[in-house]
There are 2 protein chains.
Amino acid sequence: MISQKCQYALRAVFELARQAGQGPVKIGRIAEAQAIPVRFLEAILNQLKQGGFVNSRRGQEGGYFLVHDAGKLTVGQVIRFFEGPIGPVGCTDGKNKPRCPLWGSCVFLGMWERVGQAIAEVYDGTTFTDLLEQEKALTSAGCKIKSR
Amino acid sequence: MISQKCQYALRAVFELARQAGQGPVKIGRIAEAQAIPVRFLEAILNQLKQGGFVNSRRGQEGGYFLVHDAGKLTVGQVIRFFEGPIGPVGCTDGKNKPRCPLWGSCVFLGMWERVGQAIAEVYDGTTFTDLLEQEKALTSAGCKIKSR
DNA sequence: CGCATTGTCTACTATGTCAATTGACTACGT
DNA sequence: ACGTAGTCAATTGACATAGTAGACAATGCG
């Protein structure tokens with residue numbers, strides 16, 4: 001399961017991608033556009049900054065902006081940064097982590113690995129540019145935003 | 001993420017599948033074979049019983065056993081029973097649940113759905129008979145159980 | 001300079017879920 | 001009737017998550 005925090009992070013990055021090239025985006029604008037509690041978003045953007053995803057400018061015309069091109073940035077990178085290794089269980093990492101007492105004889109391992117790989121394929125194959133196109137498709141066809 | 005409890009449940013069902021046809025299996029045997037805390041397993045088997053997956057017999061020669069054939073029972077069924085709908089986020093259910101404020105305009109929705117579908121495909125395509133075969137493959141080839 | 005605007009940092013606190021434990025109870029077979 | 005084994009409800013402790021609060025630092029404009 002993707003945590004709320006991580007979903008907020010993805011939405012924030014998406015918003016920055018959408019407004020790229022128009023100078024820094026204020027934290028309040030992001031919060032409003034993506035329905036994120038402002039003060040919480042603050043902490044999230046901070047983490048994103050330390051992770052090298054975004055950068056910021058202070059002062060009057062300050063705000064946040066993406067460091068890299070939206071086309072180079074995948075959803076998978078952001079998720080891994082917030083949630084750690086992708087996968088349905090903790091024991092598929094192999095090397096480092098707390099091995100369960102059944103290591104080597106666990107019949108489920110193969111299945112967990114296949115699932116993890118399937119998930120990663122989708123996440124790593126989705127860039128934020130892809131999402132921007134997705135949005136265009138949403139707003140052009142008579143979608144729910146207008147009809148409601 | 002699959003909870004520990006759900007993993008225990010899967011292992012318990014697997015153990016029952018392995019010992020099918022030999023009469024009821026005692027709770028202690030399952031716990032030992034699959035490294036599950038006995039008293040916790042108790043609660044799990046209880047849930048499994050209420051879900052119609054297993055049944056039990058009391059008394060001297062009592063124990064648990066599968067209700068249905070292991071070949072008809074998929075991992076997906078058990079997981080859904082313990083974890084609810086499969087998927088990386090809560091908002092893909094559509095109909096019933098707490099809609100997020102971005103409903104209809106969320107660009108991530110498509111991605112979440114593709115991930116959920118990929119996961120479900122694996123889980124629903126894996127029966128406990130498949131896992132039994134998996135075990136055979138594990139123990140035949142010079143595997144880690146023997147070599148360590 | 002001095003002030004408002006905006007980001008930065010640290011700490012705190014509810015809330016909830018998960019994993020596991022406990023103890024008392026009930027049925028079955030011999 | 002006795003022991004074995006399953007049944008049930010309630011509680012606990014640990015931990016992560018979601019969100020809050022307040023003081024602080026940099027920037028730019030008049």
Side-chain angles (χ1 to χ4, degrees), chain A residues 1-12 15-16 19 23-32 34-51 53-67 79 81-84 88-91 98 100-101, chain B residues 1-12 15-16 19 23-32 34-67 79 82-84 88-91 98 100-101:
Chain A
M1 278 284 253
I2 303 294
S3 71
Q4 192 71 5
K5 187 179 192 174
C6 184
Q7 289 186 56
Y8 286 157
L10 289 169
R11 301 222 293 259
E15 188 63 27
L16 290 180
Q19 310 213 12
V25 186
K26 294 198 224 310
I27 202 171
R29 278 185 62 83
I30 305 173
E32 192 188 7
Q34 294 292 328
I36 306 171
V38 197
R39 300 290 273 160
F40 194 30
L41 177 58
E42 186 188 300
I44 293 166
L45 285 168
N46 212 324
Q47 273 190 260
L48 281 170
K49 187 177 179 181
Q50 303 209 319
F53 295 98
V54 308
N55 213 335
S56 61
R57 233 181 75 191
R58 295 190 180 197
Q60 197 82 279
E61 285 300 300
Y64 290 87
F65 48 91
L66 287 183
V67 170
I79 292 182
F81 178 67
F82 275 86
E83 309 277 38
V89 293
C91 50
C100 81
Chain B
M1 278 282 252
I2 303 294
S3 70
Q4 193 69 3
K5 187 178 190 174
C6 184
Q7 290 185 55
Y8 285 158
L10 289 169
R11 300 221 295 259
E15 188 62 26
L16 289 181
Q19 309 212 12
V25 186
K26 291 199 223 315
I27 204 170
R29 277 184 64 84
I30 305 174
E32 192 188 7
Q34 295 292 328
I36 306 170
V38 196
R39 299 289 271 153
F40 194 30
L41 176 58
E42 186 188 301
I44 293 166
L45 286 168
N46 212 324
Q47 273 190 261
L48 281 170
K49 185 178 179 180
Q50 302 209 319
F53 295 98
V54 309
N55 213 336
S56 60
R57 231 179 77 190
R58 294 191 177 196
Q60 197 81 280
E61 285 300 301
Y64 288 86
F65 49 91
L66 287 182
V67 170
I79 291 181
F82 275 87
E83 308 277 39
V89 293
C91 52
C100 82

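We name chains A, B, ... by the order of the sequence lines, and we start the count at 1 in each one. We use all heavy atoms of the structure for the numbers below, so side chains are in, but hydrogens, waters and symmetry mates are not. Just so it is clear, the model here is predicted, and its values are computed rather than measured.
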Whole-Å gap separating [atom2] ([N]) and [atom1] ([X]):
X       : N      : atom1 : atom2 : answer
B:Phe40 : D:dA14 : CZ    : C1'   : 14 Å
B:Lys26 : D:dT7  : NZ    : P     : 14 Å
A:Gln60 : D:dA25 : CD    : C1'   : 15 Å
A:Arg29 : C:dT5  : CZ    : P     : 17 Å
A:Arg39 : D:dG19 : CZ    : C1'   : 11 Å

Quick check on C:dT8: is either OP1 or OP2 less than 4.0 Å from any side-chain nitrogen or oxygen of A:Ser56?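 Answer yes for this pair, as a side-chain N or O of A:Ser56 is under 4.0 Å from OP1 or OP2.
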Interface with DNA chain D, restricted to residues 1-10 of chain A and to heavy atoms under 4.0 Å: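 Close to the strand are A:Ser3, A:Gln4, A:Lys5, A:Tyr8.
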Contact list please: residues 41-55 of chain B against DNA chain D, heavy atoms, distance less than 4.0 Å, in numerical order.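 B:Glu42, B:Asn46, B:Lys49 - these, ordered by number, are the residues of the stretch whose heavy atoms sit under 4.0 Å from the strand.
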Counting C-beta onward and ignoring hydrogens, is there a side-chain heavy-atom pair between [X] and [Y] closer than 4.5 Å?
X       : Y       : answer
A:Gln47 : A:Phe53 : no
B:Phe65 : B:Asn55 : yes
B:Pro24 : B:Glu61 : no

What about B:Arg58: does its side chain form a donor-acceptor pair under 3.5 Å with the base of C:dT26?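 Per atom types, the contact qualifies.
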Value rounded to 0.5 Å, distance of CG in A:Leu48 from CD in A:Gln50: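 Separation between the atoms: 10.0 Å.
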Kindly compute the distance separating CD (B:Gln7) from CD (B:Gln34), expressed to the nearest 0.5 Å.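 Going from CD on B:Gln7 over to CD on B:Gln34, the span is 11.5 Å.
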Would you classify A:Gly28 as touching base, sugar-phosphate or nothing, given that sugar-phosphate means primed atoms plus P, OP1 and OP2, and contacts are heavy atoms under 4.0 Å?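 No contact.
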Can you name the closest pair of heavy atoms from [X] and [Y] and give their distance?
X       : Y       : value
B:Leu45 : B:Ala12 : CD2-CB, 4.5 Å
A:Tyr64 : A:Val54 : CD2-CG2, 4.0 Å
A:Phe82 : A:Cys6  : CB-SG, 4.0 Å

Starting at the 5' end of DNA chain C and moving along, which residue's nearest nucleotide shows up first, B:Glu61 or B:Pro37?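 Here B:Pro37 is the residue nearer the 5' end.
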Salt bridge or not between A:Glu42 and A:Arg39? Use side-chain N to carboxylate O under 4.0 Å.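 Salt bridge flag = yes for A:Arg39 with A:Glu42.
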